[in-house]
Participant: 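Take a look at this one; I'll ask things after.
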Amino acid sequence: MIPETLVDLCKKRMQPYACEGFVYGRGPMCPAIMIVGEAPGETEIHNGMPFSGHAGKVLDQFFHYVGVEREDIYFTSTVRSRPYKIVQKKSRDDELIEKKYNRAPTLKEQFAHAPILDYELEHVKPKQLVTLGNIGLQRLLGRNYTISEVHGRLIHSKVRKLKDLDSNEWTWSEHTYSIFPTYHPASIFYNRSLEKDIYKDLDHLKKILKHSEKRLGHN
Ligand code: URA
């Protein structure tokens, strides 16, 4: 769906940074929901499928709870490569080994892949955006928004897009989107108590989706 020339361009823009692999967004056109995550992790890079690792399994439970099938969701994220850091560790037999760990994408990395998400937003035409965590939220709405303050609220807004390919500057989309921020599913691995907040958010999301179905005359 995304032109290969755009993908090649973004891969080139990402070259200076410690990122590996490339995972395409996946899902139908005009989906009920478009998920905007952070970045793929090791599992996703390995098998080329967004949200197929640990966090993806938790995300599947969320949408099962909301009553939306994976087939009705378009999955993408702020950057499409895995940002990593290398950490030196001692192995059991006292040898120094290097391990790759996931990390959040930097702002420069977000700019490098911005044209992909911009393109997806324009062409996929999601009915409802759901951002996961601070990275997806701030990519679209800027740094004045924090997930702990706005999770579970419905926001209608234009979203940030890259001003032009030669600058690292944002401008605003023409279109106004319906955006629902919630925590990233991986957040509960570090803070179990967030799960309660997430399920409250999901209760609200369920109501929002029902209401918009009614408005559109579906059952
Ligand atoms: N987190 C994301 O944001 N995207 C993935 O594909 C996996 C985890």
Side-chain angles (χ1 to χ4, degrees), residues 1-2 7 10-11 14 17-28 31 33-66 68-85 99-121 124 126 128-141 143 145-148 150-151 159-160 177 179-192 194-195 198 201-202 205:
M1 191 277 285
I2 303 174
V7 173
C10 288
K11 283 181 178 170
M14 195 59 109
Y17 311 117
C19 291
E20 63 176 359
F22 189 93
V23 180
Y24 287 82
R26 184 182 280 237
I33 288 173
M34 180 194 262
I35 296 286
V36 182
E38 184 173 310
E42 190 180 5
T43 312
E44 286 80 13
I45 290 300
H46 181 72
N47 57 27
M49 172 97 131
F51 286 100
S52 50
H54 260 50
K57 302 281 174 290
V58 177
L59 192 62
D60 284 347
Q61 290 166 15
F62 292 171
F63 283 99
H64 181 72
Y65 180 78
V66 173
V68 179
E69 306 287 335
R70 233 185 199 257
E71 295 78 59
D72 297 324
I73 302 174
Y74 188 97
F75 295 88
T76 187
S77 54
T78 304
V79 309
R80 311 294 323 140
S81 301
R82 176 199 184 199
Y84 65 84
K85 59 181 174 215
K99 260 197 99 177
K100 270 183 190 169
Y101 287 92
N102 295 342
R103 60 171 173 79
T106 64
L107 199 54
K108 281 183 179 165
E109 290 161 353
Q110 295 180 37
F111 276 124
H113 273 189
I116 298 180
L117 184 53
D118 294 345
Y119 184 94
E120 288 176 310
L121 284 166
V124 174
Q128 179 66 56
L129 288 167
V130 175
T131 60
L132 303 178
N134 265 324
I135 299 286
L137 169 69
Q138 293 179 352
R139 161 63 173 87
L140 295 184
L141 294 177
R143 294 220 168 162
Y145 287 78
T146 57
I147 194 64
S148 53
V150 302
H151 71 93
V159 300
R160 296 202 304 185
Y177 293 86
I179 303 157
F180 186 88
T182 191
Y183 289 98
H184 196 285
S187 64
I188 63 173
F189 303 148
Y190 312 105
N191 183 357
R192 200 79 219 172
L194 288 177
E195 194 172 26
I198 294 174
D201 292 354
L202 297 178
L205 181 60

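First listed ligand is number 1; within each ligand, the first listed atom is number 1. Bear in mind that the values here come from a model prediction, so they are computed numbers and not experimental data.
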Participant: Among all protein heavy atoms, pick the one closest to atom 6 (O) of ligand 1 and tell me residue, atom and distance.
Facilitator: F51 N, 2.9 Å
Participant: Heavy-atom contacts with P40 under 4.0 Å: which atoms of ligand 1 show up? List them by number with element.
Facilitator: 5 (C), 6 (O)
Participant: Show your reasoning for whether side-chain contact (heavy atoms from CB on, under 4.5 Å) applies to T76 and I35.
Facilitator: CA-CA 6 Å; T76 187; I35 296 286; over 6 Å; no
Participant: May I ask you to check if K108 and Y17 form a cation-pi contact, with NZ or CZ under 6.0 angstrom from the six-membered ring centre and within 45° of the axis?
Facilitator: no
Participant: Tell me, which protein residue and heavy-atom name are nearest atom 7 (C) of ligand 1, and how many Å apart are they?
Facilitator: E44 OE2, 3.3 Å
Participant: Looking at ligand 1, is there an atom of it that comes within less than 4.0 Å of some heavy atom belonging to G56?
Facilitator: no
Participant: Within the supplied structure, the quantity of interest is the number of heavy atoms (other residues, nucleotides, ligands) at a distance under 6.0 Å from E195 CD; does it exceed 12?
Facilitator: yes
Participant: Going by the side chain to side chain contact (heavy atoms under 4.5 Å, CB included) test, name the single residue among I73, L129, D72 that passes it with I33.
Facilitator: I73
Participant: Under 3.5 Å, side chain of S81 to main-chain N/O of G21, donor-acceptor pair present?
Facilitator: yes
Participant: For A39, which part has a heavy atom under 4.0 Å from ligand 1: side chain, backbone, both, or neither?
Facilitator: backbone
Participant: Quick check on contacts: which atoms of ligand 1 are under 4.0 angstrom from a heavy atom of H184?
Facilitator: 1 (N), 2 (C), 3 (O)
Participant: Under the 3.5 angstrom rule, does the side chain of R70 hit a backbone N or O of H64 as a donor-acceptor pair?
Facilitator: no
Participant: Below 4.0 angstrom, N of the basic side chain to O of the carboxylate: do E120 and R80 qualify?
Facilitator: no
Participant: State whether the shortest distance between N or O atoms of G37 and N or O atoms of ligand 1 falls below 3.5 angstrom.
Facilitator: no
Participant: Checking the N or O distance criterion of under 3.5 Å, is ligand 1 in contact with G41?
Facilitator: no
Participant: Under 3.5 Å, N or O to N or O, is E38 touching ligand 1 that way?
Facilitator: yes
Participant: Hey, is G53 one of the residues with a heavy atom under 4.0 angstrom from ligand 1?
Facilitator: no
Participant: Taking a cutoff of less than 4.0 Å between a non-hydrogen atom of the residue and any ligand atom, is M49 in contact with ligand 1?
Facilitator: no
Participant: Test the R26-F51 pair against the cation-pi criterion, namely NZ or CZ under 6.0 angstrom from the six-membered ring centroid and within 45° of the ring axis.
Facilitator: no
